[in-house]
Amino acid sequence: MGKNREELKKTTTPAQAWALAVGAIIGWGCFVLPGTRFLPDSGPLAAFIGFIIGGGLMCFIALCYGILVKVYPVAGGAFAYAYVGLGTKAAFICGWGLVLSYTCVIAANGTAVALLSRFLLPGVFDVGYLYSIAGWDVYLGELLLLSALFVFFAYMNYKGMSCASGIQLIFSLALAAGVAVLAFGSFSTETARFDNLYPLFAEDRAAWISVLAVIALGPFLFQGFDTIPQTAEEFNFPPSLSTKLMLYSIVCGGILYILVLLAVASILPYPAMLAQNHPWLTGEVATLSFGKIGGAILAIPVLAGIFSGMNGYFIASTRLLFSMGRGKFIPSWFEKVHPRHGTPVNAILFVLMFTLIAPWFGRAALNWLCDTCALGAALSYLFTCITAYKLAAAYPEMVMRSGRCISLIGVAISLFCFLLLSVPGSPAAIGLESWVMLLVWVALGVIFYLQRASELRAIPEREMQFMLLGSSERPLLFGTKAD
């Protein structure tokens, strides 16, 4: 039975795993949201508190992932855990949602490169106008640029995990260094002072609502730490270390968010800056701090954030598709591993095809899809925390003494975030366009699952257990004493 199971090579180091998560957490949004969301909707202190609380809440989720990685060090992350704790249907729901979430983030980060090129190199790539979708102009020059980037990251992933995670480490270090330089430049400017941070809370809403608006974005802002469990099968270190790496990545991500926020808010009175309606407030701050070269200086962390996000989710999405293919949830074509490089070559090809097509639909449509990603993340967190609780209840000797308490807190946090994103009127509720796209994706998932259901039911439980978990001895928790 073991000869029929494709496996990935164990090449990932702790530093590479950390870089994978940090790069996935910090993307284009870190440099855009201060001027479009954090300052106008919440205010500096509210956003600061929101980052601290939101990051702290995500740490409980990360601890639940850590509980499960130690027992189930396999590819697939939350998808595999959903199967362990809740069975086949829950695993498919979780995997289907994460496939959309991960792949859309890659494409959205790609269109952010096009947006950045319009700011730094106007007229260079925005040539060959084709059409407009929801206010976004699609240019042939930008499509060629993005296609080249997607092919590059696909090739890096094809060559091996050590190659892909090696460039991820470089991107993540450049990202952290670039943010530090931006913050230092802003804080050193003659006009920078603490008084510029007033009002500390948004004036048109209560302070607690201002804070809650940022906390609710936690699943979106800190999504990326869960890319570490997706690559657990490739760890070249003890799986127990992954818990610390996830926590470190969340803390580092929170620090980078805070530094960019304060850099934007402290250089001048931020209400006056917002009133000037700069197309990109962080870019304006870089210009004020460093002069004409500000754009070039800012481009380093921004490009590092975009590229690390693209590469990080490329790694995570291909490992998820590989795991789903190995379990026959999707065609077994996805489980093919390159005989020399040890990479999921067909999953890489599929993600490449998706990312090459997606930018043709425009940035606005991709943003609507990405708004649903937080919902998918919250749902995957919920399934993971439920499974962690069931493992702690059924096999307490396998987890830390506080495992049941931590996982219960994780369940509550996941439900809280899911409701904030889905209940109309909530400060973080997704828009109508996003709901429409989500419903379309759900409908496609139902159709696809019904087509696969008979084949999945025909697979013996022990065989499925072996294919997904690597051993028929690793415990399943649905229909056990944990229920």
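Basis for what follows: all heavy atoms, side chains included, without hydrogens, waters or symmetry-related copies.
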Worksheet, complete the sentence: Residue pairs meeting side chain to side chain donor-acceptor pair (under 3.5 Å), one or both in residues 128-138, sequence neighbours left out, come to Tyr129-Ser132, Ser132-Asp137

Worksheet item: For the atom pair NZ (Lys70) and OG1 (Thr243), what is the distance rounded to the nearest 0.5 Å?
Response: 6.5 Å

Worksheet item: So, Tyr65 side chain and Met246 main chain: donor-acceptor pair closer than 3.5 Å or not?
Response: no

Worksheet item: Checking Asp226 side chain against Gly224 main chain: does a donor-acceptor pair fall under 3.5 Å?
Response: yes

Worksheet entry | Pair Ser101-Gln223, side chain to side chain donor-acceptor pair (under 3.5 Å): steps then yes or no | CA-CA 10 Å; Ser101 179; Gln223 184 183 17; 3.0 Å; yes

Discussion item. Looking at Leu415, is its backbone amide N or carbonyl O close enough to the side chain of Tyr381 to form a donor-acceptor pair, meaning the two atoms are under 3.5 Å apart?
Written reply: no

Worksheet item: Hey, is the main chain of Gly160 close enough, under 3.5 Å, to the side chain of His341 for a donor-acceptor pair?
Response: no

Discussion item. For a quick test of reading the model, state the closest non-hydrogen atom pair linking Ala347 to Leu321 and the distance between them.
Written reply: CB-CB, 4.0 Å

Using residues 169-176 as the side-chain source, report each donor-acceptor pair under 3.5 Å to any protein atom, sequence neighbours left out, with the distance given to one decimal.
residue	atom	partner	partner atom	Å
Ser172	OG	Ala19	O	2.9
Ser172	OG	Gln168	O	3.0

Discussion item. For Gly410 versus Ile61, what's the shortest heavy-atom pair and its separation?
Written reply: O-CD1, 3.5 Å

Discussion item. Just to verify, what does Glu455 make a salt bridge (Lys or Arg N to Asp or Glu O under 4.0 Å) with, not counting sequence neighbours?
Written reply: Arg452

Discussion item. Once rounded to the nearest 0.5 Å, what's the spacing between atom CD1 of Ile250 and atom CZ of Phe51?
Written reply: 14.5 Å

Item to complete: Determine yes or no for a side-chain-to-main-chain donor-acceptor pair under 3.5 angstrom, with Thr343 supplying the side chain and Tyr158 the backbone.
Response: yes

Worksheet item: What do you reckon, is NZ of Lys10 surrounded by more than 12 foreign heavy atoms closer than 6.0 Å?
Response: yes

Practice prompt. Answer with yes or no whether the side chains of Thr231 and Arg319 bring together a donor and an acceptor at under 3.5 Å.
Written response: no

Worksheet item: Is there a donor-acceptor pair under 3.5 Å between the side chain of Lys336 and the backbone N or O of Glu6?
Response: no

Worksheet item: Rounded to the nearest 0.5 Å, how far apart are OG of Ser249 and CZ of Phe222?
Response: 9.5 Å

Worksheet item: Hey, does the side chain of Asn346 reach the backbone of Trp333 with a donor-acceptor pair shorter than 3.5 angstrom?
Response: yes

With a cut-off of 3.5 Å and sequence neighbours excluded, list every side-chain donor-acceptor pair involving residues 352-362.
residue	atom	partner	partner atom	Å
Thr355	OG1	Val351	O	3.0
Thr355	OG1	Leu352	O	2.9
Trp360	NE1	Leu356	O	3.4

Item to complete: Please collect all side chain to side chain donor-acceptor pair (under 3.5 Å) contacts where either partner lies in residues 118-127, sequence neighbours excluded, each pair once.
Response: Arg118-Glu142

Worksheet entry | Whether Arg5 side chain and Phe466 backbone form a donor-acceptor pair below 3.5 Å | yes

Fill in: Side-chain H-bond candidate by donor/acceptor type, Glu234 with Ser165, under 3.5 Å
no

Discussion item. Show, in sequence, the C-alpha distance, side-chain angles and deciding distance for Phe448 and Trp96, and conclude whether the ring-ring contact (aromatic ring centres under 6.0 Å, His included) test is met.
Written reply: CA-CA 10 Å; Phe448 192 82; Trp96 189 254; 5.6 Å; yes

Worksheet item: Listed by chain and number, what are the salt bridge (Lys or Arg N to Asp or Glu O under 4.0 Å) partners of Lys328, not counting sequence neighbours?
Response: Glu335

Worksheet entry | Sidechain-backbone polar pair: Ser323 side chain, Leu320 backbone, donor-acceptor under 3.5 Å | no

Worksheet item: So, Tyr449 versus Phe92, ring centres under 6.0 angstrom or not?
Response: yes

